[in-house]
Colleague: 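Got a structure for you, questions after.
Indexing begins at 1, ligand by ligand and atom by atom, following the structure's order.
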Amino acid sequence: MSGLSIENISMRFDLPNGSSVQALKNVSLHLKPGELMSVLGPSGCGKTTLLNIVAGFLAPTEGEIRMNGHTVTGPDAERGMVFQQGALFEWMDVRGNVSFGPRMKGENEAHWGANVDHLLDVTGLGDFKDKAIYELSGGMQQRVALARCLANDPDVILMDEPLGALDALTREKMQGLVLKLWKETGKTIILITHSVEEALLLGERLLVMAPRPGRIHKEYQLPFADMGVNADLREVKQAQGYNDTREEILEMIWDMEEEIMGRTEDQK
Ligand SMILES: Nc1ncnc2c1ncn2[C@@H]1O[C@H](COP(=O)(O)OP(=O)(O)OP(=O)(O)O)[C@@H](O)[C@H]1O
Ligand SMILES: [Mg+2]
């Protein structure tokens with residue numbers, strides 16, 4: 001089957017003191033090629049763990065990840081990761097960072113040059129290709145991270161809070177860029193966020209996870225990501241259903257947080 005299948009994944013971390021944490025339990029879902037799914041949930045519900053398993057950084061205790069029909073056994077260029085921040089190569093300039101993947105594959109510049117320059121242009125970095133990473137703002141650094149990921153031409157892009165460290169205005173611009181790149185490239189994307197608004201705007205599918213053990217709580221199919229490809233994101237927030245869905249999800253996550261706090265209090 002084409003696409004990404006998360007098949008009955010459970011993950012238990014055994015701790016040195018003999019106890020264990022059930023970070024995920026029986027998580028299953030399938031993403032068709034080109035789908036964009038955002039993931040929300042309270043802190044500790046296993047979002048990063050799930051992404052790390054899909055990336056192949058972690059082996060699940062149970063279940064498997066299948067990508068276009070084959071079983072995932074480790075990291076691969078078919079599944080690219082964009083981290084929250086700080087994962088760029090500080091000793092390379094912008095173009096050096098973006099071309100890192102193709103260069104590591106041993107390809108020469110005649111092969112990757114045009115594509116890398118195109119990616120620098122679409123991410124608005126065309127005038128900054130010779131700059132050092134430390135000379136860039138946080139938003140620009142995240143654009144480098146996105147362009148570097150796309151230069152590997154992955155089938156799936158995994159993003160863990162990619163815009164979480166940005167100021168509100170830069171974040172909004174980056175949200176527009178993510179939608180634009182999604183439509184242009186047809187990539188499958190999983191994007192973890194703590195922002196309900198961001199999850200609504202960017203996820204044509206939105207997954208709400210619940211904690212202890214980490215599991216799927218509810219899934220939504222939403223029209224807002226498609227709307228946002230051609231419209232101002234602020235207009236999309238006025239669209240019918242946006243506010244009601246936001247309130248519903250906020251309350252859902254609020255209730256989960258309350259329950260966690262309650263349980264923590266009980267344990268004292
Ligand atoms: N390597 C590890 N060893 C032990 N426990 C771990 C490990 N990684 C994660 N956990 C535990 O697994 C659970 C899920 O963690 P995870 O980082 O996936 O949550 P998250 O949903 O990404 O949270 P946040 O929103 O805070 O980033 C937590 O209880 C965490 O303490
Ligand atoms: Mg996390």
Side-chain angles (χ1 to χ4, degrees), residues 4 6-29 31 36-65 72 74-75 79-87 138 142 145-146 149 156-166 171 174-175 178 189-203 205-220 246 249-268:
L4 174 73
I6 295 171
E7 297 181 356
N8 209 20
I9 292 287
S10 295
M11 184 75 205
R12 192 189 66 241
F13 291 107
D14 293 320
L15 306 177
N17 66 8
S19 66
S20 63
V21 178
Q22 189 74 44
L24 294 169
K25 188 142 175 80
N26 303 124
V27 175
S28 292
L29 58 95
L31 275 137
L36 200 176
M37 185 175 77
S38 56
V39 183
L40 274 173
S43 187
C45 71
K47 303 180 294 295
T48 297
T49 302
L50 183 62
L51 217 64
N52 282 335
I53 291 172
V54 173
F57 298 149
L58 270 177
T61 330
E62 281 170 56
E64 63 176 7
I65 306 293
V72 165
R79 284 161 280 117
M81 187 82 134
V82 178
F83 298 95
Q84 182 169 6
Q85 62 184 138
Q142 282 315 78
L146 258 175
C149 181
V156 175
I157 301 181
L158 306 168
M159 304 202 228
D160 195 352
E161 285 278 324
L163 313 182
L166 305 179
R171 188 168 189 162
M174 289 292 290
Q175 289 166 346
V178 169
I189 300 178
I190 302 181
L191 183 140
I192 293 176
T193 176
H194 276 112
S195 158
V196 176
E197 294 219 330
E198 187 164 282
L200 285 168
L201 288 172
L202 300 188
R205 286 173 72 177
L206 189 162
L207 197 70
V208 181
M209 289 180 65
R212 303 181 184 193
R215 60 198 187 276
I216 296 174
H217 181 71
K218 184 154 183 176
E219 198 190 316
Y220 293 82
R246 190 191 63 196
I249 294 174
L250 275 171
E251 196 169 316
M252 198 180 287
I253 294 179
W254 181 252
D255 286 348
M256 288 183 207
E257 302 263 11
E258 289 257 281
E259 206 186 312
I260 297 170
M261 299 291 277
R263 265 194 234 171
T264 314
E265 288 295 314
D266 293 347
Q267 282 162 4
K268 277 184 188 163

Colleague: From the Mg ion (ligand 2) out to just under 2.8 Å, does an N/O/S atom of Thr48 turn up?
Modeller: yes

Colleague: If the cut-off is 4.0 Å to any non-hydrogen atom of Leu15, which atoms of ligand 1 fall inside it?
Modeller: 4 (C)

Colleague: Measuring from the heavy atoms of Gly214, does anything fall under 4.0 Å of ligand 1?
Modeller: no

Colleague: With only distance considered, is Gly41 within less than 3.5 Å of ligand 1 through an N or O on each side?
Modeller: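 No, there is no polar N/O contact under 3.5 Å.
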
Colleague: With rounding to the nearest 0.5 Å, note down the distance linking CZ in Phe83 to CD in Gln142.
Modeller: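 Result: 11.0 Å between the selected atoms.
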
Colleague: Going by the atom numbers of ligand 1, which of them fall below 4.0 Å from some non-hydrogen atom of His194?
Modeller: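 Those atoms are 25 (O).
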
Colleague: If we count only non-hydrogen protein atoms and require a distance under 4.0 Å, does atom 30 (C) of ligand 1 qualify as touching the protein?
Modeller: no

Colleague: If we ignore hydrogens and angles and just use 3.5 Å, is the side chain of Glu219 paired with the main-chain N or O of Val208 as donor and acceptor?
Modeller: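 Answer holds: no.
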
Colleague: Starting from atom 15 (O) of ligand 1, which protein heavy atom do you reach first, and at what distance in Å?
Modeller: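 Ranking protein heavy atoms by distance from atom 15 (O) of ligand 1, first comes Thr49 OG1, 3.7 Å.
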
Colleague: Is Glu198 salt-bridged to Arg171, going by a charged N under 4.0 Å from an acidic O?
Modeller: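 Between Arg171 and Glu198 there is a salt bridge, with a charged N closer than 4.0 Å to a carboxylate O.
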
Colleague: Which part of Glu161 is near ligand 1, with near meaning a heavy atom under 4.0 Å away: side chain, backbone, both or neither?
Modeller: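 No part of Glu161 comes within reach of ligand 1.
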
Colleague: State the atoms of ligand 1, each with its element, that fall below the 4.0 Å cut-off from a heavy-atom position in Ala23.
Modeller: 12 (O), 13 (C)

Colleague: Quick check for you: to the nearest 0.5 Å, what is the distance between Leu207 atom CG and Lys47 atom NZ?
Modeller: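 Between Leu207 CG and Lys47 NZ, I get 11.0 Å after rounding to 0.5 Å.
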
Colleague: Quick one: does Arg246's side chain have a donor or acceptor within less than 3.5 Å of a partner on Leu200's backbone?
Modeller: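 No, Arg246 side chain to Leu200 backbone: no donor-acceptor pair under 3.5 Å.
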
Colleague: How far does CG of Leu29 sit from CD of Glu7, to the nearest 0.5 angstrom?
Modeller: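 Separation between the atoms: 10.0 Å.
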
